[in-house]
Structure formats: structure tokens, C-alpha cells
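Heads up: the structure comes next, in C-alpha cells.
As the structure is a computational prediction, the values presented were derived from the model and not from experiment. So that the names make sense, note that chain A is the first sequence line, chain B the second, and so on, each numbered from 1.
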There are 2 protein chains.
Amino acid sequence: MEELDHRIVQLLAQDGRLSYTDLGKATGLSTSAVHQRVRRLEERGVLRGYRAIVDHEAAGMPLTALISVTPVDPAAPDDIPDRLRHLTEIDSCFSVAGEESYVLEVRVGTPGDLELLLARVRAAANVTTRTTVVLSTPWEDRSPLAAGESTA
Amino acid sequence: MEELDHRIVQLLAQDGRLSYTDLGKATGLSTSAVHQRVRRLEERGVLRGYRAIVDHEAAGMPLTALISVTPVDPAAPDDIPDRLRHLTEIDSCFSVAGEESYVLEVRVGTPGDLELLLARVRAAANVTTRTTVVLSTPWEDRSPLAAGESTA
DNA sequence: TGTGAAAGGCATTCGAT
DNA sequence: ATCGAATGCCTTTCACA
């Protein structure tokens, strides 16, 4: 990825609503030039979309936890993500190397909600769980970009 | 939070670039009414900003890992997040309950980069680490919202 | 890839309800 | 709180280099 595109991605990762006009000023390109570059970045899948960042506390989901998941039956076909996808409290689902198979990042309102969620996770996917409660989040979602090489 | 605001937040969490016009159509409000509500949600801190979602692979950071961090000296004052903040590969930093003190979500380009990052984490914060490599990510960042209660 | 201009849409403000 | 209208700015497209 070229330096100019890199810059554009970086700026949009910080402020997804930057206008093409401002993006042009920031990069020294014309409005239509940045517009074209952004379109291409979207088509290539580098820019996968735009989202509002919601405060979890304000959204009524102040409790974050990490749930490590192990299948009860290691011989069963692994469709665990499919079995868990309907649980909307699961923010992210990672398949991991290590003792456990998956790590789930979840958001709930209360410890009671977490207890219920764990029961639903175990029931839906036939797994055991090990849960780590998040006490505070010094920072989150900084979306790092590679420094300056080409991946053309 | 009221039902209408909830809906607005949900829509913007999915598409942060939705126009107020479209938001109005989706909620049955006028453009200026949704505009005012969004402004208030931003002021209250419910909507914390807008970001472009960047594909990690395309951004040159295809390797994700979770690093559990334990202080070498439990008596030392805990300024670990401050000591780690400059490491831009760290996407998120969670303070957690459990055997370890923090869990870091990191993105790097290669296993070699991960090795270097671990050395920098240990040196910067005087900690030991336990690393879990992410093999694949069935999904990520769904930003769940509380279902339907009032938090006015 | 880049530019600049033209057209239409949208954000933003305001007075009224 | 909501609406509808008015004004600029912005997006989007197009002809051209």
C-alpha cells in the first residue's frame, strides 16, 4: 500500500466522517482524487466500512469479559462459531492456538447477565468455559496500521 | 436510553456514514429531529466518534494475538498501561481479574514482529507475558447494545 | 492518476408549533 | 421535541490532461 493511501486510511480510521474536501487538504490532493482513492480502497476491501463508536457504559453494557472456550467433545465437528453467532452479547470471536479453542469478547449489563450468557454459551456450543472479567479498559480499538512498507 | 435513540445508535453502529436524511426515513422522524438527537447522543458521550473499519490483512497487520501480562514486581506501583501506550501495535488494553493483571490485544505483521513486540512489552513494563496466537477471527466488533430497557 | 467545474444532495440552522 | 424551509458545503460525476 502506497504512502498516500496509507495516510488516507489512517485519517479515516481516526475520523470516519472526514469529508473528501478535508481529506484532500490533508493529503494535498484534489477532492476528486481522494474520492477516487477512497473508492478503490473500499473496493479492494482495505476500508471495510464505517461505524459509530458506541460507549458501552452508556449503551447499557458496562461489563466486559473474556471467555475461553473448550469443546466438551473434541471429536465433534467444530461449528462452534456458527452455534454462538446468535448470541449478540458476543462482540468478537477468536479461534486461538493454545489450551482452549476460542476466546470470546463479550459485553453484558450485569454479573447476572454474564452468568446467563455463560449458561447459553455452554448449552449452545457444548463447551466448557473459563471467564476473565475485565475490570477497566485503559484503551481499546486503536486499529494499528503497518508503518511504511509496500503491500501492493 | 429511549427506544428511538437506541434505534439510531444501532443504525449508526452498523453504518457510521448514514445520512440524517436516511436516518430520518428509518426512524420516521424529520431530518432535523434525528440530527438533534444524534447531537445529543454525541454530547452525552453515547456516540463517541466515527471510524473507518480497516482490514488488518490489507493493512499489513495480519497476525492477531492476545498477551496476558503479569508484573515482575507486584509491589511496584502499577503504571503498566502508561508504559505500554506508546506501543502502537497494542490495539486494546484490558485490566482483568484473575491470575494475570492485563490482557493486550495486539496486531502485527509477522511472527518475528510479535517476538519483537513481546520483548518491548516486557522491557517497557517489567512484566512477564503469556501469549495466545489468534488463528482466525470468525467475527469481530459487533458492538452489542442493551436490548430494550430505559437508562434515562 | 490527476484536475477543475457543474449538478444535485445533504448538513446545519432557524422560526414556528 | 418536532417540523419544514433556506443556505452553503459536500459528494459525485464528467470532460479533459
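- Arg107(A) has no carboxylate O lying under 4.0 Å from a charged side-chain N of Glu89(A), or vice versa, which leaves the two without a salt bridge.
- A salt bridge between Arg51(A) and Asp15(B) is absent, with no side-chain N of the basic residue lying under 4.0 Å from a carboxylate O of the acidic one.
- At least one side-chain heavy atom of Leu23(B) sits under 4.5 Å from a side-chain heavy atom of Leu11(B).
- A 4.0 Å heavy-atom criterion places the boundary nucleotides of DNA chain D facing chain B at dA1(D) to dG4(D), written 5' to 3'.
- Heavy atoms from other residues, nucleotides or ligands lying under 6.0 Å from CD of Glu140(B) number more than 12.
- Other residues, nucleotides and ligands place no more than 12 heavy atoms under 6.0 Å from the CZ atom of Arg39(A).
- Within residues 12-27 of chain A, no residue places a heavy atom under 4.0 Å from DNA chain C.
- Between Glu42(A) and Arg48(A) there is no salt bridge, since none of the side-chain N atoms of the basic residue sits less than 4.0 Å from a carboxylate O of the acidic one.
- Under a cutoff of 6.0 Å and an axis angle of 45°, Arg17(A) and Tyr20(B) form a cation-pi pair.
- In terms of modelled atom types and a separation under 3.5 Å, the side chain of Asp79(B) and the main chain of Asp82(B) share no donor-acceptor contact.
- A donor-acceptor pair under 3.5 Å is absent between the side-chain atoms of Ser92(B) and the main chain of Glu105(B), judged by distance alone.
- Regarding contacts with the backbone of dT1(C), a side-chain N or O of Arg40(A) is found under 4.0 angstrom from either OP1 or OP2.
- Remark: side-chain polar atoms of Trp139(B) are paired, donor with acceptor, to backbone N or O of Ile90(A) under 3.5 angstrom.
- In the region residues 28-36 of chain B, proximity to DNA chain C at under 4.0 angstrom, judged on heavy atoms, holds for Thr31(B), Ser32(B), His35(B).
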